[in-house]
Amino acid sequence: MERISWDQYFMAQSHLLALRSTCTRLAVGATIVRDKRIIAGGYNGSIAGGVHCTDEGCYIVDNHCIRTIHAEMNAILQCAKFGVPTEGAEIYVTHFPCMQCSKSIIQAGIQTIYYAKDYKNHPYAIELFEQASVRVEQVELNEMMIDLHHQEKLSFVADMMKRLSEAGLEEAEMEKIQKQANQLFASHM
């Protein structure tokens with residue numbers, strides 16, 4: 001079995017963290033890594049012990065929810081709370097960081113940002129990253145890497161194709177179905 005790459009591993013951690021989000025507008029997760037070790041993780045949500053957006057709705061001011069702390073900031077604050085240095089670290093985020101988080105990432109000394117999805121990528125954030133020599137790279141999560149039933153699904157499709165062929169399905173129709181199956185699995189590889 002082929003091992004997943006470090007980038008896929010840490011990005012998967014960020015996507016897993018996003019599942020804890022209490023934001024109803026966008027679930028985001030962030031993982032801070034140093035020397036191939038996770039030093040902190042965060043997701044967007046309310047302050048510890050506070051009211052959550054999932055319970056009472058967002059508290060919107062100027063089109064922003066002010067109840068929520070962003071995933072990147074939660075991860076950085078976790079490091080501060082427990083005295084874990086972030087200088088020279090990397091951060092894996094499910095979405096491109098907002099302007100405020102971008103500045104905090106730079107100030108925390110984080111040297112590399114890996115993000116999965118574009119999200120209102122601000123040109124000034126990109127400019128600041130360049131000025132601070134912070135490397136930014138898009139690393140989309142390869143969902144098939146964490147699909148625990150991938151081989152079973154492939155076997156099932158192969159078995160179904162064999163049965164359809166034995167049942168006498170026209171070759172043109174078989175090719176069409178096989179092409180659809182290939183596209184479905186290829187889109188996740």
Side-chain angles (χ1 to χ4, degrees), residues 3-54 58-143 145-146:
R3 290 169 47 172
I4 65 173
S5 71
W6 286 112
D7 286 343
Q8 289 295 304
Y9 173 73
F10 295 128
M11 192 58 75
Q13 294 292 323
S14 294
H15 281 274
L16 188 61
L17 282 161
L19 296 175
R20 292 278 308 151
S21 173
T22 59
C23 177
T24 58
R25 299 172 72 183
L26 181 69
V28 179
T31 304
I32 301 177
V33 174
R34 194 177 56 244
D35 299 324
K36 301 289 186 242
R37 299 288 179 257
I38 296 171
I39 60 173
Y43 53 88
N44 54 334
S46 302
I47 61 166
V51 174
H52 296 285
C53 297
T54 52
C58 294
Y59 186 175
I60 304 295
V61 175
D62 296 329
N63 203 30
H64 291 88
C65 180
I66 61 171
R67 186 186 316 276
T68 307
I69 301 171
H70 290 186
E72 303 92 325
M73 188 59 70
N74 265 328
I76 291 168
L77 291 172
Q78 187 178 82
C79 287
K81 184 175 183 177
F82 295 106
V84 178
T86 54
E87 185 72 35
E90 303 170 324
I91 190 167
Y92 289 79
V93 190
T94 57
H95 296 78
F96 191 88
C98 74
M99 199 60 238
Q100 294 304 318
C101 287
S102 296
K103 292 187 283 186
S104 296
I105 288 167
I106 292 167
Q107 288 302 95
I110 294 172
Q111 290 296 300
T112 307
I113 299 166
Y114 298 99
Y115 70 98
K117 297 176 185 167
D118 289 316
Y119 184 74
K120 301 180 182 180
N121 303 25
H122 199 286
Y124 187 55
I126 295 167
E127 182 181 329
L128 288 176
F129 291 141
E130 288 172 2
Q131 287 176 14
S133 298
V134 173
R135 191 166 71 96
V136 179
E137 183 179 328
Q138 187 170 17
V139 175
E140 293 185 35
L141 177 64
N142 180 341
E143 295 170 11
M145 292 298 220
I146 59 171

*Whether Gln8 side chain and Glu140 backbone form a donor-acceptor pair below 3.5 Å*: yes
*asked:* I'd like to know if the side chain of Asn44 and the backbone of Ser21 have a donor-acceptor N/O pair within less than 3.5 Å.
replied: no
*Count the heavy atoms belonging to other residues, nucleotides or ligands that lie under 6.0 Å from CG of Asp118, then report whether that count exceeds 12.*
yes
*Could you verify whether a donor N or O on one side chain and an acceptor N or O on the other, from Ser14 and Thr94, lie under 3.5 Å apart?*
no
Using side-chain heavy atoms (C-beta onward) and a distance below 4.5 Å, is [X] in contact with [Y]?
{"X": "Leu128", "Y": "Lys103", "answer": "yes"}
{"X": "Asp7", "Y": "Tyr92", "answer": "yes"}
{"X": "Thr68", "Y": "Cys58", "answer": "no"}
{"X": "Ile113", "Y": "Val134", "answer": "yes"}

Taking atom [atom1] of [X] and atom [atom2] of [Y], what is their separation to the nearest 0.5 Å?
{"X": "Asn121", "Y": "Gln138", "atom1": "CG", "atom2": "CD", "result": "8.0 Å"}
{"X": "His52", "Y": "Arg67", "atom1": "NE2", "atom2": "CZ", "result": "10.0 Å"}
{"X": "Ile32", "Y": "Thr86", "atom1": "CD1", "atom2": "OG1", "result": "6.5 Å"}
{"X": "Asn63", "Y": "Arg25", "atom1": "CG", "atom2": "CZ", "result": "5.5 Å"}
{"X": "Ile110", "Y": "Glu90", "atom1": "CD1", "atom2": "CD", "result": "10.0 Å"}
{"X": "Leu141", "Y": "Lys117", "atom1": "CG", "atom2": "NZ", "result": "8.5 Å"}

*Phe96 and ring pair (Phe, Tyr, Trp, His ring centres under 6.0 Å): which partner among Tyr119, Tyr114, Tyr115?*
Tyr115
Considering non-hydrogen atoms only, spot the tightest contact between [X] and [Y] and give its length.
{"X": "Met99", "Y": "Tyr124", "value": "CE-CD2, 3.4 Å"}
{"X": "Glu72", "Y": "His95", "value": "OE2-O, 4.2 Å"}
{"X": "Thr22", "Y": "Gly45", "value": "OG1-CA, 3.3 Å"}
{"X": "Ala30", "Y": "Ala75", "value": "O-CB, 4.3 Å"}
{"X": "Ala18", "Y": "Ala27", "value": "O-CB, 3.5 Å"}
{"X": "Leu17", "Y": "Gly41", "value": "CD1-CA, 3.7 Å"}

*When you look at Cys79 and Ile39, which way does the side chain to side chain contact (heavy atoms under 4.5 Å, CB included) test go after all the steps?*
CA-CA 7 Å; Cys79 287; Ile39 60 173; 4.1 Å; yes
*Going by the angle between their ring planes, with limits at 30° and 60°, are Trp6 and Tyr9 parallel, tilted or perpendicular?*
perpendicular
*asked:* So if I apply the side-chain contact (heavy atoms from CB on, under 4.5 Å) rule between His70 and each of Cys98, Cys23, Cys65, which one comes out positive?
replied: Cys98
